[in-house]
Structure formats: C-alpha cells, structure tokens
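Presented below is the structure to which this report refers.
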Amino acid sequence: MSKTIKVGVIGLGMGSGHIGGYMDHPQAEVVAICDKDEARLQEKASQFGIANTFTDAQQMMEKCDLDAISVATPNAFHAPLTIAALNHGLHVLCEKPMAMTVKESEEMLAASKKNGKNLMINFSYRFSPMSFALKAQVDAGVVGDIYFGRTVWHRRRGFPGFGGWFGQSALSGGGPLIDLGVHRLDLALWLMGYPEPTSVMGSTYDHLAKIEVAKQKKAFDVEDLACGMVKFANGASLLIEASWAANTNEAETMSTKLYGTKGGLLQSNYDGGYQFKAEIYTAEGDHFFTKRLDCTNCAVPSAYAEFIDSILENRAPMATGEQGLKVMKILEGIYQSAKTGKEVRY
C-alpha cells in the first residue's frame with residue numbers, strides 16, 4: 001500500500017496555492033489548516049473540504065497526525081514556525097524568502113539537519129517548463145561556463161496591497177527585492193550552478209512609494225526599487241534588479257539573461273504577463289544562431305509535488321535550505337550595502 005503524506009498548511013493567503021498544489025498529488029493529503037484570520041480560515045476550510053482548522057500553529061502540530069508542514073505566512077514568521085515544525089519531527093516547505101536574516105536561515109538549516117527532516121524553499125519560478133528546458137541545455141554544456149548575467153523583475157506600478165504587511169519591514173524584511181527579486185535571483189543562481197557569493201554591492205530607492213504614502217497615508221517603510229551586483233568565488237558576476245514601481249514602458253517585465261563561454265540564454269515573460277519564452281544563443285565561426293526552446297509537452301513537477309516526492313523517496317528536495325541560505329546572504333548583503341554605501345564581503 002502506497003504511503004500518504006499528511007500535510008498541514010499555515011497561512012491561507014499564499015497557502016491557498018499550497019493546498020491546491022498538494023491536492024494534485026495522489027500521495028498527499030492536506031489534513032489541517034491554520035490562519036489567524038478566523039473568517040478566512042473557515043472560508044478555506046469550506047472551499048477545500050478540510051475539517052481540522054486552527055488559529056494556533058503549535059496546537060495544529062500537537063493535535064494532528066502530520067508528516068509535513070507548509071509555512072506560507074508573512075516573512076517574519078517563517079523562521080520560528082519552520083524551526084518549531086522541524087523540532088516537532090515534520091518536513092517543511094517554506095515560502096520564499098527563507099527568512100528575514102542570514103542568522104535565522106542558519107538556524108532553520110541547523111534544525112533541519114539536527115532532526116533529519118527536509119527543508120525546502122518554495123522557489124517556484126524554477127518549476128516551469130521553460131526553466132527546466134534551459135536547465136537541461138546548461139547541464140548538457142550548451143552554453144559552457146556562465147560568467148555574467150542580469151536577472152530582473154520590474155513592475156511599472158504593482159505594490160502588493162499598499163499599506164499591508166508586504167510594505168512593513170518588521171513583517172517583510174524588505175520590499176520588491178525580497179518579494180520579487182528573490183525569484184529571479186534563485187532562477188539565475190540555479191542555472192549558474194549556485195556558485196558561492198563573495199561580495200555584494202547594492203542600492204535601494206523609494207521615490208515613487210513616497211508619493212503613494214503621501215496620498216494614502218498608510219504604513220510603508222521599504223524600498224520600491226532595488227538593484228545589486230554580486231560577485232562569486234568562480235569569478236562570475238550577476239546583476240539583479242527588482243521594483244514594484246518604476247517609470248518604464250511595460251506593465252511587468254521578468255527577464256533572466258546569462259552569458260557563457262559557448263553560448264547565452266534568456267528566459268523572459270511576454271506581453272507583460274506570466275507566460276514565458278526561453279532562448280539559447282550560440283555561434284559557429286562567423287555564424288550566429290538563436291534557438292527558441294519549445295517545452296509544451298515537458299513533464300515538470302510543481303514545487304509541491306517535488307516536496308512530497310522528496311519525502312516519499314527519502315532524498316533532498318531540489319530547492320534546498322542551503323540554497324535558500326545563499327539567496328538570503330545576497331539579499332541581506334544588498335540591503336546592508338544600500339544602507340552603508342559600502343561593498344559587503346563574505
């Protein structure tokens with residue numbers, strides 16, 4: 001008889017997507033959900049047909065027979081809830097970013113190792129056909145050694161619930177860099193083989209956000225645009241940019257472009273939406289070639305399926321806590337550099 005992984009989901013904003021993702025897996029069952037908002041808790045319980053509901057995560061872990069937990073709360077609660085779940089003997093899928101700080105990320109990773117449980121970070125933008133298609137090309141050596149890149153997520157205007165927790169540093173840890181940029185950063189690092197960062201420089205801005213603050217008089221103390229440059233131990237460099245508001249010509253721009261010794265690659269959205277294209281650029285003598293990848297029929301797991309499969313197969317998940325820690329080092333370094341005006345070295 002095949003084993004069923006029993007899952008609890010904490011946080012029912014982003015967590016609603018987690019529930020749906022698990023329900024698509026034949027060996028996963030969401031048996032309990034948790035949210036501080038009683039109305040939302042009951043709404044989701046009715047929507048998904050889940051009987052066990054809690055407003056306290058610790059009670060859910062103690063009272064329910066669980067194998068795993070999804071942590072999909074505001075960023076400030078990622079570390080304490082993840083560590084509590086790991087110490088309770090549960091595997092954890094934690095929403096991005098991994099935590100608020102490098103120190104918290106290290107503590108989460110240590111708890112995972114101490115308890116022998118999987119800690120996966122929900123870097124969901126890897127888990128798409130075009131991302132997988134590019135990774136296959138990179139792993140086959142088509143682009144050679146990647147030495148430079150630029151990874152971007154810009155919005156012309158796109159504050160997430162202005163005045164909500166996303167714009168409050170005590171709950172989020174930052175603005176678009178930690179919200180959007182984290183996805184593009186992970187995708188670039190994954191394609192690059194997750195090299196070790198050695199230094200970071202960065203800047204943050206809030207010029208356009210200040211206009212909205214004056215208009216709406218709501219809480220907001222993070223950036224609306226951030227940029228940074230990362231250098232790695234293997235000599236490679238990466239530029240990263242992210243914004244919720246920028247005076248640009250497109251509503252939403254997502255792009256990751258990497259340059260290698262044999263070729264280059266691009267993954268980007270088109271028509272300002274959430275559909276993506278992927279291309280490879282190579283040269284043979286004096287001739288240059290562009291290859292558009294088609295992954296229409298590619299079988300690509302969701303992040304939720306990968307998490308469940310990693311537990312069933314007793315292996316590390318694709319998006320590990322170690323990788324989440326590297327991402328956090330870069331994010332924290334950019335914010336620190338922006339604050340001090342100095343390069344951050346590791």
Open item on the list: Taking R345 first and then E343, would you say they form a salt bridge - that is, a charged N and a carboxylate O separated by under 4.0 Å?
Closed with: yes
TODO: Go through K6 and E29 one step at a time and tell me if the salt bridge (Lys or Arg N to Asp or Glu O under 4.0 Å) criterion holds.
DONE: CA-CA 5 Å; K6 295 176 291 243; E29 180 186 3; over 6 Å; no
Open item on the list: Please find the pair of heavy atoms, one from M61 and one from H88, that lie closest to each other, and give the distance.
Closed with: O-NE2, 2.8 Å
Open item on the list: Looking at E95 and V71, would you say the former's side chain and the latter's main chain have a donor-acceptor pair under 3.5 Å?
Closed with: no
- [ ] Would you check, one step at a time, whether the test side-chain hydrogen bond (donor to acceptor under 3.5 Å, both in side chains) holds for E43 with Q47?
- [x] CA-CA 6 Å; E43 176 194 344; Q47 177 184 347; over 6 Å; no
Open item on the list: Do the side chains of D309 and R315 get close enough for a salt bridge, i.e. N-O under 4.0 angstrom?
Closed with: no
Open item on the list: Can you tell me if K231 has over 12 outside heavy atoms packed within less than 6.0 Å of its NZ?
Closed with: no
Task: Smallest separation among heavy atoms of A170 and A76, with atom names - done: O-CB, 3.5 Å
Open item on the list: Assess, by modelled atom type and distance only, whether the side chains of S169 and D221 contain a donor and an acceptor separated by less than 3.5 Å.
Closed with: yes
Task: Backbone N/O of V152 and side chain of S255: donor-acceptor pair under 3.5 Å - done: no
- [ ] Please check if the side chain of N234 supplies one atom and the backbone of A236 the other of a donor-acceptor pair under 3.5 Å.
- [x] yes
TODO: Taking only Lys NZ, Arg NE, NH1 and NH2, and the carboxylate oxygens of Asp or Glu, determine whether R156 and E250 approach each other closer than 4.0 Å.
DONE: no
Task: Salt bridge flag under 4.0 Å for residues E212 and K217 - done: no
Task: Point-to-point distance, once rounded to the nearest 0.5 Å, from CG of L185 to CD of Q323 - done: 11.5 Å
Open item on the list: Can you confirm whether or not the ring centre of F123 sits under 6.0 Å from the ring centre of H183?
Closed with: no
Task: Neighbour count above 12 (heavy atom, 6.0 Å) for N314 CG - done: no
- [ ] Compute the centroid of each ring, for F220 and then for F159, and state whether the two points are separated by less than 6.0 Å.
- [x] yes
TODO: Decide yes or no on side-chain contact (heavy atoms from CB on, under 4.5 Å) for V7 and V31, but give the supporting numbers first.
DONE: CA-CA 6 Å; V7 185; V31 299; over 6 Å; no
Task: Pair E332, Q336: side-chain N/O donor-acceptor within cut-off below 3.5 Å - done: no
Open item on the list: Evaluate T256 against Q267 for side-chain hydrogen bond (donor to acceptor under 3.5 Å, both in side chains), listing each step before the verdict.
Closed with: CA-CA 5 Å; T256 298; Q267 192 238 52; 5.0 Å; no
Open item on the list: Test your reading of the model: is there a side-chain donor-acceptor pair from D206 to the backbone of D224, 3.5 Å cut-off?
Closed with: no
- [ ] For the pair S131 (side chain) and Y125 (backbone), establish whether a donor and an acceptor sit closer than 3.5 Å, ignoring hydrogens and angles.
- [x] yes
- [ ] Enter the distance from L134:CG to L265:CG here, rounded to the nearest 0.5 Å.
- [x] 5.0 Å
TODO: Spell out, as yes or no, whether a donor-acceptor pair under 3.5 Å connects the side chain of S310 to the backbone of F307.
DONE: yes
Task: Nearest heavy-atom neighbours spanning V200 and Y346 - done: CG2-OH, 3.3 Å
Task: SB check E107 K103 (cutoff 4.0 Å) - done: yes
TODO: Under the side-chain contact (heavy atoms from CB on, under 4.5 Å) rule, what do L293 and E279 come out as? Steps first, then yes or no, please.
DONE: CA-CA 6 Å; L293 303 185; E279 295 177 343; over 6 Å; no
TODO: Specify the closest pair of heavy atoms between N118 and I311, including all atoms of both residues, with the distance to one decimal.
DONE: ND2-N, 4.0 Å
Open item on the list: Closer than 4.0 angstrom, basic N to acidic O: yes or no for D186 and R126?
Closed with: yes
Open item on the list: Test your reading of the model: is there a side-chain donor-acceptor pair from N269 to the backbone of E252, 3.5 Å cut-off?
Closed with: yes
- [ ] Give the cluster check for I211 versus Y205: same hydrophobic cluster or not, with ILVMFWY residues linked at side-chain heavy-atom distances below 4.5 Å.
- [x] no
Open item on the list: To the nearest 0.5 Å, what is the distance between CD1 on I121 and CE on M98?
Closed with: 4.5 Å
Task: I334 side, atom CD1; K339 side, atom NZ - distance, nearest 0.5 Å - done: 16.0 Å
Open item on the list: Is it the case that the side chain of T261 and the backbone of D145 share a donor-acceptor pair, with hydrogens and angles ignored and the cut-off at 3.5 Å?
Closed with: yes
TODO: Would you check if the side chain of T151 reaches a backbone N or O of R184 as a donor-acceptor pair within less than 3.5 Å?
DONE: yes
TODO: List the steps and the verdict of side-chain hydrogen bond (donor to acceptor under 3.5 Å, both in side chains) for K44 and S16.
DONE: CA-CA 8 Å; K44 298 303 178 183; S16 294; 3.3 Å; yes
Open item on the list: Determine whether W190 and F132 satisfy the following criterion, ring pair (Phe, Tyr, Trp, His ring centres under 6.0 Å), listing intermediate values before the conclusion.
Closed with: CA-CA 10 Å; W190 182 56; F132 267 56; 5.7 Å; yes
Task: Smallest separation among heavy atoms of Y22 and L93, with atom names - done: OH-CD2, 3.3 Å
Open item on the list: Check R150 with E241, please: is the shortest side-chain N to carboxylate O separation under 4.0 Å?
Closed with: yes
Task: H154-S243 side chain donor-acceptor pair, cut-off 3.5 Å - done: yes
Open item on the list: Treating E306 as the side-chain partner and P317 as the backbone partner, does any N or O pair qualify as donor plus acceptor under 3.5 Å?
Closed with: no
- [ ] Would you check if there is a donor-acceptor pair between the side chains of E322 and Y194 at a distance under 3.5 Å?
- [x] no
Open item on the list: Regarding W244 and D179, do their side chains bring together a donor and an acceptor under 3.5 Å, going by distance alone?
Closed with: yes
TODO: Looking only at non-hydrogen atoms, find the nearest pair between D37 and D35 and report the distance.
DONE: N-OD1, 2.8 Å
